[in-house]
Amino acid sequence: MKRTGSTDENVRMLLVSMKEHEKPFWNYVAEELDTPTRKRAEVNLFKINKLTKANEIVVVPGKVLGTGSLDHPVIVAALSFSKSAEQKIVQAGGKILSLKKAMEEIKDFKNTSVRLMK
């Protein structure tokens with residue numbers, strides 16, 4: 001049986017645009033995202049808090065969950081967020097981005113600290 005890929009049209013369009021991007025980082029994110037929903041990354045806020053510094057950019061090829069808290073501002077780009085994760089990120093002074101928006105905004109990887117979490 002041949003695997004058909006995501007049935008969500010938005011995810012399919014996102015994967016196409018990521019694979020066409022000139023930066024290899026986005027190609028890797030697309031590979032991580034092109035998995036069944038049950039195998040996609042789910043990252044809790046306590047992990048983001050533990051592994052990042054203030055004002056870093058975190059890319060999650062999956063969902064960000066609200067377990068834990070943030071004590072510093074970070075920019076988080078992910079496929080989806082739980083409601084509590086959104087609230088806690090904004091309360092800590094951080095910013096939430098969709099993966100599509102992150103591809104447009106993160107142009108220069110040399111001057112920014114971008115971390116992939118899965």
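Remember, it's a predicted structure, so these values are computed and weren't measured experimentally.
Looking at every heavy atom in both residues, Trp26 comes nearest to Met103 through CD2-CG, 3.5 Å. Taking each heavy atom of Gly93 and Pro73 in turn, the nearest pair found is O-CB, 3.4 Å. Of all non-hydrogen atoms in Ser82 and Lys63, the two that sit nearest each other are N-CE, 3.9 Å. Scanning both residues, Met18 and Ala30, for their nearest heavy atoms gives CB-CB, 3.7 Å. In plain terms, the two heavy atoms of Ala78 and Gly62 that are nearest each other are CB-O, 3.7 Å.
Between the side chain of Lys88 and the backbone N or O of Gly66 there is at least one donor-acceptor pair closer than 3.5 Å. A donor-acceptor distance shorter than 3.5 angstrom exists from the side chain of Asn49 to the backbone of Asp71, with no hydrogens or angles considered.
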Next on the checklist: What verdict does the side chain to side chain contact (heavy atoms under 4.5 Å, CB included) test give for Leu14 and Asn10, after you've listed the backbone C-alpha separation in whole Å, the side-chain angles of each residue and the deciding distance to 0.1 Å?
Outcome noted: CA-CA 6 Å; Leu14 181 63; Asn10 294 325; over 6 Å; no
Checklist entry - How far apart are the C-alpha atoms of Arg12 and Glu9, what are their side-chain angles, what is the distance that settles it, and do they pass the side chain to side chain contact (heavy atoms under 4.5 Å, CB included) test? => result CA-CA 5 Å; Arg12 283 185 179 197; Glu9 190 62 33; 4.3 Å; yes
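No option in Glu42, Arg40, Glu32 other than Glu32 meets the side-chain contact (heavy atoms from CB on, under 4.5 Å) test with Lys118.
With rounding to the nearest 0.5 Å, the separation of OG in Ser98 from CD in Glu104 is 7.5 Å. Atom CG of Leu97 sits about 7.0 Å away from atom CD1 of Ile106, to the nearest 0.5 Å. The CG atom of Leu15 sits 10.5 Å away from atom CD of Glu31, with the distance rounded to the nearest 0.5 Å.
Through direct or indirect side-chain contacts shorter than 4.5 Å among Ile, Leu, Val, Met, Phe, Trp and Tyr, Val90 is connected to Val43, Leu45, Ile48, Leu51, Val58, Val60, Val64, Leu70, Val74, Val76, Phe81, Ile89, Ile96, Met117.
With contacts defined as side-chain heavy-atom distances shorter than 4.5 Å, the pair Phe25/Val59 qualifies. Using a 4.5 Å heavy-atom threshold, the side chains of Glu105 and Ile75 count as separate.
Put simply, Val114 and Tyr28 are part of the same group of oily side chains (I, L, V, M, F, W, Y) that touch within less than 4.5 Å, one to the next. Connection of Leu65 to Leu99 is not established within any shared hydrophobic cluster, with ILVMFWY side chains joined at heavy-atom distances below 4.5 Å, either directly or through further cluster members.
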